[in-house]
Amino acid sequence: MAGKKSIPMRVVKEKTGLTARQIRYYDEVGLIFPERTKGNQRLFSEDDINRMKKIKSLLDEGYKIEAIKEVLNHPRPIKGNLSNLRTNLNNRINKGDLSRIYPGSSRNLKEKYKKTKE
DNA sequence: CTTCTGACA
DNA sequence: TGTCAGAA
């Protein structure tokens, strides 16, 4: 029911716009868990594709791998209102979530803000 | 030809 | 992160 498809690396690269390096790295750090073929070739699902796009966005915003790992692996850190829980189950990530975990998570953000004359 | 792992100027 | 080597 969940659509257990198996997309090859070549398609993933085109759909995500990432390089094979990036994709393998995400797998290395444990951001994604693609299936493996007999020849050790990675097989991704559409869900993985969306996740990689998400990871790319977060990385672009300045979040570090460690922070992204936490959020992607903790879909329900909530323990109170069901309303908020529903939002989290929707698979969407908020900056607030990361900020709560890593209040000082600013990498290239400073550079972006100060670089306004070019 | 494409992908995989491991390592590095 | 890119890129090379060697193997599959």
Side-chain angles (χ1 to χ4, degrees):
Chain A
M1 240 236 266
K4 287 301 225 178
K5 296 187 190 170
S6 299
I7 300 135
M9 173 65 86
R10 176 228 150 204
V11 171
V12 177
K13 286 196 296 185
E14 294 172 5
K15 289 216 123 110
T16 61
L18 294 164
T19 65
R21 229 338 186 168
Q22 311 284 68
I23 299 165
R24 290 186 198 123
Y25 182 65
Y26 299 162
D27 189 13
E28 276 180 43
V29 300
L31 278 170
I32 56 179
F33 310 99
E35 305 293 328
R36 260 0 209 209
T37 208
K38 206 118 190 215
N40 277 9
Q41 303 287 113
R42 289 182 178 81
L43 296 177
F44 308 85
S45 61
E46 295 190 36
D47 191 62
D48 291 325
I49 306 272
N50 291 313
R51 180 174 293 216
M52 287 184 227
K53 289 181 181 175
K54 200 180 336 191
I55 295 165
K56 188 189 159 75
S57 300
L58 264 35
L59 286 172
D60 277 333
E61 289 185 46
Y63 294 117
K64 51 195 180 194
I65 301 294
E66 306 302 327
I68 299 172
K69 274 170 61 171
E70 297 305 304
V71 178
L72 265 52
N73 277 277
H74 296 314
R76 46 209 64 143
I78 306 293
K79 51 190 173 215
N81 295 340
L82 292 169
S83 305
N84 292 335
L85 183 63
R86 179 172 165 282
T87 303
N88 270 302
L89 289 170
N90 226 338
N91 242 359
R92 61 164 305 188
I93 294 175
N94 302 312
K95 287 185 177 179
D97 294 335
L98 289 162
S99 298
R100 279 173 220 135
I101 300 170
Y102 295 92
S105 185
S106 57
R107 202 172 68 182
N108 301 349
L109 288 172
K110 286 181 152 184
E111 298 293 283
K112 289 183 181 178
Y113 280 96
K114 62 161 40 169
K115 191 171 188 177
T116 179
K117 59 178 63 173
E118 189 178 316

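Residue numbers start from 1 in every chain, and the chains themselves are labelled A, B, ... in the order their sequence lines are given, proteins ahead of strands.
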Asker: With sequence neighbours left out, what residues match A:R51 under salt bridge (charged side-chain N to carboxylate O under 4.0 Å, His left out)?
Answerer: none
Asker: Only counting residues at least two apart or in another chain, list the ones meeting side-chain contact (heavy atoms from CB on, under 4.5 Å) with A:V11.
Answerer: A:I7, A:P8, A:K15
Asker: List the residues meeting side-chain contact (heavy atoms from CB on, under 4.5 Å) with A:S6, not counting sequence neighbours, and say none if there are none.
Answerer: A:L43
Asker: Output all residues satisfying side-chain contact (heavy atoms from CB on, under 4.5 Å) with A:E14, sequence neighbours left out; order by chain, then residue number.
Answerer: A:R10
Asker: Each nucleotide in nucleotides 2-7 of chain B should get exactly one letter: B, S or -. Can you fill that in based on protein heavy atoms under 4.0 Å?
Answerer: -BBB-B
Asker: Residues in side-chain hydrogen bond (donor to acceptor under 3.5 Å, both in side chains) with A:R24, at least two apart?
Answerer: none
Asker: Show the nearest heavy-atom pair for residues A:K56 and A:T16, with the distance to one decimal.
Answerer: CD-O, 4.2 Å
Asker: Going 5' to 3' along DNA chain C, which are the first and last nucleotides with any atom under 4.0 Å from a heavy atom of chain A?
Answerer: C:dT1 to C:dT3
Asker: Test of understanding: with side-chain contact (heavy atoms from CB on, under 4.5 Å), list the residues that count as partners of A:T19, not counting sequence neighbours.
Answerer: A:R21, A:Q22
Asker: For a quick check under 3.5 Å, do A:S57 and A:D60 share a side-chain donor-acceptor pair by atom type?
Answerer: no
Asker: Would you write out the dot-bracket form of DNA chain B, 5' to 3', with Watson-Crick and G-U pairs under 3.5 Å, [ ] for crossing pairs, | for pairs to other strands and . for unpaired bases?
Answerer: .|||||||.
Asker: Got a sec, which pairs hit salt bridge (Lys or Arg N to Asp or Glu O under 4.0 Å) with one end in residues 26-39 of chain A, sequence neighbours left out?
Answerer: A:D27-A:R36, A:D27-A:R42
Asker: Roughly how far, to the nearest 0.5 Å, is CG of A:L31 from CD1 of A:I68?
Answerer: 6.5 Å
